[in-house]
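Worksheet: one structure, shown below.
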Amino acid sequence: MYAIIKSGGKQYRAEAGSKLRVEKLEANPGDTVEFDALMLGGEKTVIGSPTVPGAKVVAEVVEHGKGKKVVVAKFKAKVQYRRRRGHRQPYTEIVVKEIRA
C-alpha cells in the first residue's frame, strides 16, 4: 500500500519504511509528524477530494539539512555586468512509519 502526501507545496509517494526529503518542517529530530493522504493506492485505489477521510501517514523526523548548492549567474553582454550567487535549499528527512487507512 502506498499514499500520496502533500508537504511544502509538493506531492510525494510514501510507502511504509521509505525515506523522503521534504521541505523543511518545524519539528525536531525524533518527533512524529502526520500528513493527510491525498490518495491511497494498492489493490484498490482511493482518491480524496481533497483528502481521503480518515487516512493519515505517520512519519518520524530523522534529520534536517541543506541540499546541493545551486549557482545562479547573471550576465549582460557589453556592459561588464556579471553576478554569481549560490543557494542551498533546506530540507527535512523523514521515515514513513505507517499508513492509517
Rounded to the nearest 0.5 Å, what's the gap from [atom1] on [X] to [atom2] on [Y]? Could you check?
{"X": "Ile99", "Y": "Ser18", "atom1": "CD1", "atom2": "OG", "result": "7.5 Å"}
{"X": "Leu40", "Y": "Met1", "atom1": "CG", "atom2": "CE", "result": "5.5 Å"}
{"X": "Arg88", "Y": "Lys66", "atom1": "CZ", "atom2": "NZ", "result": "6.0 Å"}
{"X": "Ile47", "Y": "Ile4", "atom1": "CD1", "atom2": "CD1", "result": "10.0 Å"}

All salt bridge (charged side-chain N to carboxylate O under 4.0 Å, His left out) counterparts of Lys10, not counting sequence neighbours:
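For Lys10, the residues satisfying salt bridge (charged side-chain N to carboxylate O under 4.0 Å, His left out) (neighbours in sequence not counted) are Glu23.
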
Taking CD in Glu34 as the centre, count heavy atoms belonging to other residues, nucleotides or ligands within less than 6.0 Å. Is the count above 12?
yes

Exceeds 12 heavy-atom contacts within 6.0 angstrom, atom CZ of Arg82
yes

With side-chain contact (heavy atoms from CB on, under 4.5 Å) as the criterion, how do Ile5 and Gln11 come out once you've worked through the C-alpha distance, each side chain's angles and the decisive distance to 0.1 Å?
CA-CA 6 Å; Ile5 62 171; Gln11 294 180 3; over 6 Å; no

Option passing side-chain contact (heavy atoms from CB on, under 4.5 Å) with Tyr12 (candidates Leu38, Val57, Val22):
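Output: one option passes, namely Val22.
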
Result of checking Val96, Val95, Val62, Thr92 against Leu20 for side-chain contact (heavy atoms from CB on, under 4.5 Å):
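That would be Val96; it is the only one of Val96, Val95, Val62, Thr92 passing the side-chain contact (heavy atoms from CB on, under 4.5 Å) with Leu20.
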
Is there a side-chain contact between Lys6 and Phe35 in this structure, where contact means two heavy atoms from C-beta onward sitting under 4.5 Å apart?
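Lys6 vs Phe35: side chains apart.
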
State, yes or no, whether a side-chain contact exists between Thr45 and Met39 at a heavy-atom distance under 4.5 Å.
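SC-SC contact between Thr45 and Met39 confirmed.
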
Go through the steps to decide whether Lys74 and Tyr81 satisfy the test side-chain contact (heavy atoms from CB on, under 4.5 Å), and finish with yes or no.
CA-CA 8 Å; Lys74 295 180 180 182; Tyr81 178 83; 3.8 Å; yes

Would you please say whether a donor-acceptor pair under 3.5 Å links the side chains of Tyr2 and Arg13?
no

Do Lys56 and Glu98 meet the salt-bridge criterion of a basic N to acidic O distance under 4.0 Å?
no

